[in-house]
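Below, each value reflects all heavy atoms present in this structure, side chains not excepted, and no hydrogens, waters or symmetry copies.
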Amino acid sequence: MPELPEVQTVVNDLKNLGLVGLTIEAAQVYWPRTVASEGDFGRIAGHAILNIWRRAKYLVFDLSGDLSLIVHLRMSGRLDLKDASETRSKHEHLVLSLEGGRELRFHDTRKFGRVWLTEDAQSVLGHLGPEPLEEGFTAASLTASLKTKQRQLKPLLLDQSFVAGLGNIYVDEALWQAGLHPTRTASSLNGAEAAKLHAAIIEVLERGLRNSGTTLGSGQGNFYSVAKRRGRNADELKVFRRDGEACPRCGATIERLIVGQRSTHVCPVCQP
DNA sequence: GTCTATGTTTGCGG
DNA sequence: TCCGCAAACATAGA
């Protein structure tokens, strides 16, 4: 569930909560499959957090001694910062004890989330495509790479090696914004359409970021950032999970369909 | 109570 | 190259 804006929000919160500079004093793994890297996870003890940043939907903690702690939240993962005295919930699968008495806890009801402790961050992050909010992602580069692909737009944009950080929500929103149908073949876009898609991707991501991410519904399984804060972006969504409602641009009824095995939302008039 | 759907990623077979 | 499917799990909602 967390896509680029949600993961960036978590990074921002962790930094605001003062984690950079703290030493990790101990680690406890309660669900071994959460740890995807080889080697003894306990060797993280004694390493300080030098920086926290994001690549695609991955959180990266630069640690002293050239170690990297990498976290992917997948569907239901969350990081909670709690006092060490608080009792552990049954969904907290990894607990890092921090200098000063607080603990960073990886909470993941569905257990799809993964963490890596590695000397070689590239082995985890190396397959990722361009960051859509960085310089290298231009209308020209997107246009050129779209031309070489015979795939449908939706599964292509969800492919993290094509462009990094988009998930189901923001892909549907970007395609609506650009007026493109999710089943269009990538290579069929003309220059103007590709440029419009480029602008739409950036716009929906930046809006999500400004709103501290998207929290759907009210249940526990939805996105909450570190300080238990909900994202405010749900109200800004134009088509995602709005099937049956009126398109905010033309008033037609939004439809839901399945594209590439993923539920997909479109305006049949704006996205022919 | 029971059934269905789920926002992610990876790997496999065709 | 590309597509479809399954798997990793638990919970919310109908």
Side-chain angles (χ1 to χ4, degrees), chain A residues 1-10 30-37 54-59 70-79 89-94 106-116 123-129 145-176 182-188 204-205 208 211-225 230-244 256-265:
Chain A
M1 126 200 148
E3 307 179 29
L4 186 156
E6 290 76 32
V7 177
Q8 185 64 50
T9 299
V10 173
Y30 295 95
W31 180 258
R33 299 183 67 149
T34 293
V35 177
S37 53
R54 178 194 59 74
R55 173 76 169 104
K57 303 174 194 172
Y58 294 81
L59 291 137
I70 303 176
V71 178
H72 197 299
L73 303 171
R74 294 276 187 103
M75 298 282 275
S76 59
R78 188 170 87 200
L79 290 172
S89 95
K90 65 171 178 175
H91 298 304
E92 289 172 347
H93 307 312
L94 170 68
F106 181 64
H107 181 286
D108 188 16
T109 46
R110 291 182 71 178
K111 297 180 177 168
F112 294 168
R114 291 291 177 265
V115 306
W116 294 258
S123 65
V124 179
L125 307 174
H127 67 289
L128 296 165
S145 45
L146 286 169
K147 277 207 185 93
T148 69
K149 300 292 180 188
Q150 305 309 309
R151 303 173 64 183
Q152 295 179 329
L153 283 177
K154 168 123 185 188
L156 181 62
L157 294 174
L158 287 172
D159 183 338
Q160 301 297 299
S161 68
F162 183 77
V163 55
L166 293 170
N168 215 24
I169 297 174
Y170 294 98
V171 167
D172 280 7
E173 293 297 309
L175 289 171
W176 177 85
T183 61
R184 276 281 297 277
T185 299
S187 63
S188 76
V204 299
L205 290 176
N211 289 317
S212 302
T214 300
T215 299
L216 266 357
S218 53
Q220 272 291 299
N222 297 297
F223 170 71
Y224 286 79
S225 187
R230 297 169 54 86
R232 300 180 305 274
N233 201 54
D235 296 342
E236 302 281 342
L237 300 180
K238 306 299 190 282
V239 288
F240 191 82
R241 294 242 181 127
R242 291 198 186 281
D243 40 303
R256 176 177 175 273
L257 50 153
I258 302 293
V259 179
Q261 309 119 240
R262 304 297 301 278
S263 115
T264 300
H265 310 77

**Q** Taking only side-chain N and O atoms of A:Arg74, does any of them lie within less than 4.0 angstrom of OP1 or OP2 on B:dT10?
**A**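 Checking A:Arg74 against B:dT10: no side-chain N or O falls below 4.0 Å of OP1 or OP2.
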**Q** Check whether any side-chain heavy atom of A:Arg114 sits under 4.5 Å from a side-chain heavy atom of A:Ile70, and report yes or no.
**A**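 Result no, sub-4.5 Å side-chain heavy-atom pair not found.
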**Q** Represent DNA chain C in dot-bracket notation, 5' to 3'. Only Watson-Crick or G-U wobble pairs with both distances under 3.5 Å count; pseudoknot-style crossings use [ ] and interstrand partners use |.
**A** .|||||||.|||||
**Q** Taking atom P of C:dT1 as reference, at what distance in whole Å does atom CG of A:Leu146 sit?
**A**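 Going from CG in A:Leu146 over to P in C:dT1 covers 15 Å.
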**Q** Which is true for A:Arg262 with a 4.0 Å heavy-atom rule: it touches a base, it touches only sugar-phosphate, or it touches nothing?
**A** base
**Q** Residues of residues 149-160 of chain A with any non-hydrogen atom less than 4.0 angstrom from an atom of DNA chain B: list those, numerically ordered, please.
**A** A:Gln160
**Q** Taking CG from A:Leu73 and P from C:dC9, how many angstroms apart are they, rounded to a whole number?
**A** 18 Å
**Q** Please state whether the phosphate of B:dT6, meaning OP1 or OP2, lies under 4.0 angstrom from any side-chain nitrogen or oxygen of A:Ser76.
**A** no
**Q** When you compare B:dG7 with C:dA14, how far apart are their P atoms, in angstrom units rounded to a whole number?
**A**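 Looking at atom P only, B:dG7 and C:dA14 are 16 Å apart.
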**Q** Rounding to an integer number of Å, can you tell me how far A:Asp108 CG sits from B:dT9 C1'?
**A**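 Computing the A:Asp108:CG to B:dT9:C1' distance gives 13 Å.
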**Q** On the nucleotide C:dC9, are OP1 or OP2 found under 4.0 Å from the side-chain N or O atoms that A:His91 carries?
**A** no
**Q** Is there a side-chain contact between A:Leu156 and A:Leu146 (heavy atoms, below 4.5 Å)?
**A** yes
**Q** Using a 4.0 Å heavy-atom cut-off across all strands, classify A:Tyr170 as base, sugar-phosphate, or nothing.
**A**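 The residue A:Tyr170 makes no contact with any strand.
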**Q** Can you find a heavy atom in the side chain of A:Ser263 that is under 4.5 Å from one in the side chain of A:Asn168?
**A** yes
**Q** Are any of A:His127's side-chain N or O atoms less than 4.0 Å away from OP1 or OP2 of B:dT9?
**A** no
**Q** When the P atoms of B:dG1 and C:dT11 are considered, how many whole Å apart are they?
**A** 15 Å
**Q** To check you understand the geometry: which heavy-atom pair defines the closest contact between A:Leu157 and A:Val163, and what is its length?
**A**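 In terms of heavy atoms, the two residues are closest at O-CG1, 3.9 Å.
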**Q** Could you tell me whether the side chain of A:Pro182 reaches within less than 4.5 Å of the side chain of A:Gln152, counting heavy atoms only?
**A** no
**Q** Without swapping roles, check the side chain of A:Lys57 against the backbone of A:Leu166 for a donor-acceptor pair under 3.5 Å.
**A**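 Flag set: sc A:Lys57 to bb A:Leu166 pair under 3.5 Å.
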**Q** If I take atom CG in residue A:Asn168 and atom C1' in nucleotide B:dT9, what distance separates them, rounded to the nearest angstrom?
**A** 13 Å
**Q** Compare side-chain N and O positions of A:Arg110 against OP1 and OP2 of C:dA12 and report whether any pair is under 4.0 Å apart.
**A** no
**Q** Do A:Val71 and A:Phe106 make a side-chain contact, defined as non-hydrogen atoms from C-beta onward lying under 4.5 Å apart?
**A** yes
**Q** Working to the nearest 0.5 angstrom, can you tell me the gap between A:Glu173 CD and A:Leu237 CG?
**A** 4.5 Å
**Q** Are the side chains of A:Leu73 and A:Leu59 in contact, using a 4.5 Å heavy-atom criterion?
**A** yes
**Q** Is any N or O donor-acceptor pair between the side chain of A:Arg241 and the base of B:dG7 shorter than 3.5 Å?
**A** yes
**Q** If you check the A:Glu3 side chain, which of B:dT6, B:dT9, B:dG7 turns out closest?
**A** B:dG7
**Q** In whole Å, what is the span from the CZ atom of A:Arg184 to the P atom of C:dC2?
**A**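 It is 17 Å, rounded to the nearest whole Å.
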**Q** With P as the reference atom in both, quote the distance from B:dA5 to C:dA6 in angstrom, rounded to an integer.
**A** 14 Å
**Q** Quick one: A:Phe112 CZ to C:dT11 C1', roughly how many Å, whole number?
**A**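 Interatomic distance, CZ of A:Phe112 to C1' of C:dT11: 11 Å.
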**Q** Side chains of A:His265 and A:Asp172: donor-acceptor distance under 3.5 Å anywhere?
**A** yes
**Q** Taking all atoms of both residues into account, what is the closest heavy-atom pair of A:Tyr170 and A:Gly208, and its distance?
**A** OH-CA, 3.8 Å
**Q** When the distance from CD1 of A:Ile258 to P of B:dT4 is rounded to whole Å, what number comes out?
**A** 15 Å
**Q** Please give, in whole Å, the distance from C:dA7 C1' to A:Gln261 CD?
**A** 13 Å
**Q** If you compare every side-chain N and O of A:Ser263 against the phosphate oxygens of B:dT6 (OP1, OP2), does one of them come in below 4.0 Å?
**A** yes
